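These numbers were taken from a predicted model, which means no experiment stands behind them. One-based numbering along the sequence shown. Values below: all heavy atoms of this structure, side chains included; hydrogens, waters and symmetry mates excluded.
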Amino acid sequence: MKTYLGLDGFRFGWVAAWIDERGDHGFDYSPGLTRLLAMPHARAMIDMPIGLQPSGYRACDLRARELVGPAVFLGARRDLWTFPDMAAANRHYWKHEGKGRGVSAQLWNIRDKIREVDEIMTPERQATIGEAHPELIFRNLASGVRLAKKTSAEGRGQRIVLLAQRGFTRLPEWLTQRHGTGIGRDDLTDACACAIAARDSTQRVGENEIDPRGLRMEINY
């Protein structure tokens, strides 16, 4: 029985949603990735950069941003977590790469999770664990129709319907069970989207870029 896994970061760790070939589905969460990735799975997708350059923007991020806008954060680099604060990071990037080539607060705030993923990934593991982006996935599920913002009630409802159509019928129930865990509504919804991509995705953005550690830099959807 093949199981497909989707993962997203949240304030206190990681949330994982899974769905199997029979349509059974569930979710779990953990402070770290290791236990969640130990769950049996045929394929997993994670909403976090995999494959990092020492400088510059990844081609897959630039292409994804063309498709879905600023939901895609630019500037993930392998030295991001070496700076004491965001101001120091941006001074460095502005000096060496040009003004405006820094990082946003959103990207800076997930630097430890980017590092956690980078530490466990190998080219061999990338055969079954890929990078995905929920907004690219939802764009694909909606056949290119522009959805309302995910922070709006309309946008949340649209995404819940799209996921239910692909098997995640228990998501509305789960959203009432997450209170006290620190898992955000969008975190759980995005993990479900990544699980759908793990099961169904055949498309990706990326220009066959390989990082210095041999990891492919591509975003599946």
Side-chain angles (χ1 to χ4, degrees), residues 7-16 29-37 44-123 125-126 129-136 149-151 181-188 190-191 194 204-220:
L7 302 108
D8 193 24
F10 74 102
R11 182 180 177 188
F12 301 121
W14 299 87
V15 57
Y29 59 98
S30 176
L33 271 177
T34 303
R35 184 180 68 80
L36 297 175
L37 285 173
M45 289 290 169
I46 185 167
D47 178 19
M48 202 60 62
I50 295 176
L52 300 168
Q53 292 283 23
S55 62
Y57 291 171
R58 304 188 310 164
C60 58
D61 290 331
L62 292 169
R63 176 56 182 149
R65 181 170 272 220
E66 289 176 3
L67 295 172
V68 296
V72 179
F73 305 152
L74 300 177
R77 305 166 176 94
R78 184 161 285 118
D79 66 352
L80 182 60
W81 46 83
T82 65
F83 299 97
D85 52 49
M86 189 175 80
N90 280 332
R91 283 195 300 271
H92 173 84
Y93 295 136
W94 293 340
K95 177 181 179 180
H96 294 280
E97 298 185 32
K99 205 72 172 176
R101 298 288 285 186
V103 297
S104 64
Q106 295 98 321
L107 185 70
W108 176 256
N109 288 338
I110 62 171
R111 67 193 183 283
D112 290 337
K113 287 186 167 55
I114 297 174
R115 182 180 187 177
E116 186 176 354
V117 171
D118 190 56
E119 286 175 346
I120 69 167
M121 286 305 301
T122 65
R125 294 196 84 173
Q126 207 172 14
I129 302 172
E131 175 184 349
H133 195 288
E135 288 307 296
L136 276 177
K149 291 183 178 180
K150 69 177 184 178
T151 53
T181 65
I183 300 170
R185 181 189 292 109
D186 294 340
D187 304 324
L188 185 49
D190 288 350
C194 287
R204 63 184 61 89
V205 292
E207 303 300 326
N208 299 315
E209 278 191 310
I210 305 293
D211 83 351
R213 290 183 49 218
L215 297 169
R216 300 188 309 277
M217 292 179 282
E218 61 188 22
I219 304 175
N220 298 272

N/O donor-acceptor pair under 3.5 Å between [X] side chain and [Y] backbone:
X      : Y      : answer
Glu116 : Leu33  : yes
Asn90  : Val103 : yes
Asn220 : Glu131 : yes
Asp211 : Leu52  : yes
Arg35  : Tyr29  : yes
Lys113 : Phe10  : yes

### Query
Of Arg65, Arg58, Arg63, which is the lone residue that meets side chain to side chain donor-acceptor pair (under 3.5 Å) with Asp61?
Arg58

Between atom [atom1] of [X] and atom [atom2] of [Y], what is the distance when rounded to the nearest 0.5 Å?
X      : Y      : atom1 : atom2 : value
Ile114 : Leu107 : CD1   : CG    : 4.5 Å
Glu218 : Ile50  : CD    : CD1   : 9.0 Å
Arg11  : Thr181 : CZ    : OG1   : 11.5 Å
Ile183 : Leu188 : CD1   : CG    : 6.5 Å

### Summary
For Tyr57 and Gly100 the tightest heavy-atom approach is OH-O, 3.3 Å

### Task
Indicate the atoms forming the closest heavy-atom contact of Trp108 with Arg111, along with that distance.
O-NH1, 2.9 Å

### Task
Step through the shown structure and confirm whether more than 12 heavy atoms of other residues, nucleotides or ligands are within 6.0 Å of CD on Glu207.
no

### Query
Relative to the ring of His96, is the ring of His92 parallel (under 30°), tilted (30 to 60°) or perpendicular (over 60°)?
tilted

## Note on the structure
Test side-chain contact (heavy atoms from CB on, under 4.5 Å), reference Arg78, set Pro54, Pro212, Pro49, Ser55, output is Pro212

